[in-house]
Amino acid sequence: MSRYTPLPVTRTRRALALLGAVTLAAACTTTEDPPGSAPATTAPATASASAPPTEPPSPSASTAVTIPTSAFVELPAELRKSPRRTTPVEEALPKLCGNEFGTGGRQVTASAAMTVTYQKAGEPSSNVPQGMIHQTIFTFDGDGASGYLSRLRTAVQACPSYDQSGIRVTVKSQALPGVGDEALLLTRTWPETSLNGERTGETASSQIAVARVDSAVTVFDDQGWEGTSGNPAILDRVVRDGVRVIDTWQR
């Protein structure tokens with residue numbers, strides 16, 4: 001006769017339930033990823049960190065944008081001292097109190113710059129140039145272009161003057177009507193100096209123009225030759241021609 005005493009029915013059911021729970025827990029433990037590892041179904045993180053996780057990427061954000069040479073303005077023959085040439089963007093952008101013009105942010109899809117050297121119409125070719133105009137073009141995703149202009153206006157208002165090589169330069173800004181979708185004109189003024197660095201008693205000035213054309217922004221920085229004044233009339237012509245060229249390119 002066996003000495004084994006059967007368990008009551010209720011105790012048997014509890015034991016079976018407990019055994020099932022332990023088995024289930026063991027099963028969950030064996031399929032769980034080890035600490036610090038990524039789940040096998042996790043997709044590579046390709047979206048911008050600033051974009052909401054549920055927001056689909058912008059169609060244009062994944063499209064390569066190229067700014068062709070034809071998108072830049074070229075001077076008419078009577079004003080052209082030398083052909084336009086490619087310039088690094090960081091060298092073409094003007095600087096006032098800081099990096100006001102380099103605030104494109106993550107919405108910039110492309111940037112490029114070129115420089116034109118100009119002369120007064122009718123001057124002999126043996127004369128030195130009158131100045132140079134650096135043109136930079138940014139293309140933006142979404143509302144980046146208008147945001148760039150907004151940040152630039154704020155930065156310029158915070159910089160009424162700055163020091164450059166020991167010379168005080170004042171800055172004034174105003175709207176530039178009739179140019180692109182919106183435009184800004186900055187005028188820099190400083191005491192003029194001779195080639196040997198002596199004050200002449202006169203005032204020198206140059207201008208910066210910034211225009212938005214749809215989702216693109218272009219910056220024109222007029223620099224007189226060897227620190228002399230720029231030419232506002234030539235800059236105005238270049239800006240208006242440049243905006244028309246960009247508008248044609250975007251179509």
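Computed over heavy atoms, backbone and side chain alike; hydrogens, waters and symmetry mates excluded. Residues take their numbers from the sequence shown, with the count starting at 1.
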Q) Taking only residues two or more places apart in sequence or in another chain, which ones pass ring-ring contact (aromatic ring centres under 6.0 Å, His included) with F72? A)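 Once residues adjacent in sequence are excluded, F72 has no partner under the ring-ring contact (aromatic ring centres under 6.0 Å, His included) criterion.
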Under 4.5 Å between side-chain heavy atoms, hopping through other hydrophobics if needed: is there a path connecting [X] to [Y]?
X: L176; Y: V210; value: no
X: F138; Y: V245; value: no
X: V217; Y: L184; value: yes
X: V179; Y: L149; value: no
X: L152; Y: I246; value: no

Q. After noting the C-alpha distance and the side-chain angles of T69 and M114, does the key distance pass the side chain to side chain contact (heavy atoms under 4.5 Å, CB included) rule?
A. CA-CA 8 Å; T69 301; M114 300 195 79; 3.8 Å; yes
Student check: side-chain heavy atoms of [X] and [Y] closer than 4.5 Å:
X: V171; Y: T187; answer: no
X: V128; Y: Q119; answer: no
X: R244; Y: D241; answer: yes
X: R237; Y: P76; answer: yes
X: L96; Y: I208; answer: yes
X: Q223; Y: S206; answer: no
X: L93; Y: D221; answer: no
X: W190; Y: T203; answer: no

With distance as the sole test, does [X] use its side chain to make a donor-acceptor pair with the main-chain N or O of [Y] at under 3.5 Å?
X: T103; Y: N99; answer: no
X: E100; Y: G98; answer: yes
X: Q107; Y: D141; answer: yes
X: T189; Y: T170; answer: no

Q | Residue pairs fulfilling ring pair (Phe, Tyr, Trp, His ring centres under 6.0 Å) with at least one residue in residues 78-106, sequence neighbours excluded | A |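 Of all non-adjacent pairs touching residues 78-106, none passes ring pair (Phe, Tyr, Trp, His ring centres under 6.0 Å).
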By side chain to side chain contact (heavy atoms under 4.5 Å, CB included) - contacts of [X] (at least two apart):
X: P68; value: S70, A71, W249
X: S215; value: Q250
X: D222; value: Y118, I133, L235
X: A233; value: N231

Q) Is any NZ, NE, NH1 or NH2 atom of the basic residue among K95 and E90 found under 4.0 Å from an Asp or Glu carboxylate oxygen of the other? A)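 Salt bridge: no.
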(Q) The test is side-chain hydrogen bond (donor to acceptor under 3.5 Å, both in side chains); show your working for Q135 and T218 and say whether it passes. (A) CA-CA 7 Å; Q135 181 186 5; T218 184; 3.1 Å; yes
Q: Hey, could you give me the CZ/OG distance between R188 and S173, rounded to the nearest 0.5 Å?
A: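 Here the interatomic distance stands at 13.0 Å.
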(Q) I need the S205 OG to K172 NZ distance, nearest 0.5 Å. (A)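 It is 11.0 Å, given to the nearest 0.5 Å.
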Q | Test side chain to side chain contact (heavy atoms under 4.5 Å, CB included) applied to F220 and H134, step by step | A | CA-CA 6 Å; F220 297 91; H134 301 299; over 6 Å; no
On a heavy-atom basis, which atom in [X] and which in [Y] lie closest, and how many Å separate them?
X: A121; Y: L79; result: N-CD2, 3.8 Å
X: A216; Y: A145; result: N-CB, 4.2 Å
X: S125; Y: K81; result: O-NZ, 2.6 Å
X: I67; Y: A112; result: CD1-N, 3.9 Å
X: A204; Y: G227; result: CB-O, 4.5 Å
X: R80; Y: L75; result: NH2-O, 2.6 Å

Can you see whether [X] engages [Y] through a side-chain donor-acceptor pair at a distance of less than 3.5 angstrom?
X: T228; Y: E192; answer: no
X: R85; Y: T117; answer: yes
X: S161; Y: R168; answer: yes

**Q.** Test salt bridge (charged side-chain N to carboxylate O under 4.0 Å, His left out) applied to R153 and E182, step by step
**A.** CA-CA 12 Å; R153 288 190 186 93; E182 54 180 324; 2.8 Å; yes
Q) Given the rule in the side-chain hydrogen bond (donor to acceptor under 3.5 Å, both in side chains) test, do T115 and T87 qualify, once you have shown the distances and angles that lead to the verdict? A) CA-CA 6 Å; T115 298; T87 305; 2.6 Å; yes
Q. Under the side chain to side chain contact (heavy atoms under 4.5 Å, CB included) criterion, do R212 and S146 qualify, and how do the steps go?
A. CA-CA 7 Å; R212 179 176 69 84; S146 57; 4.2 Å; yes
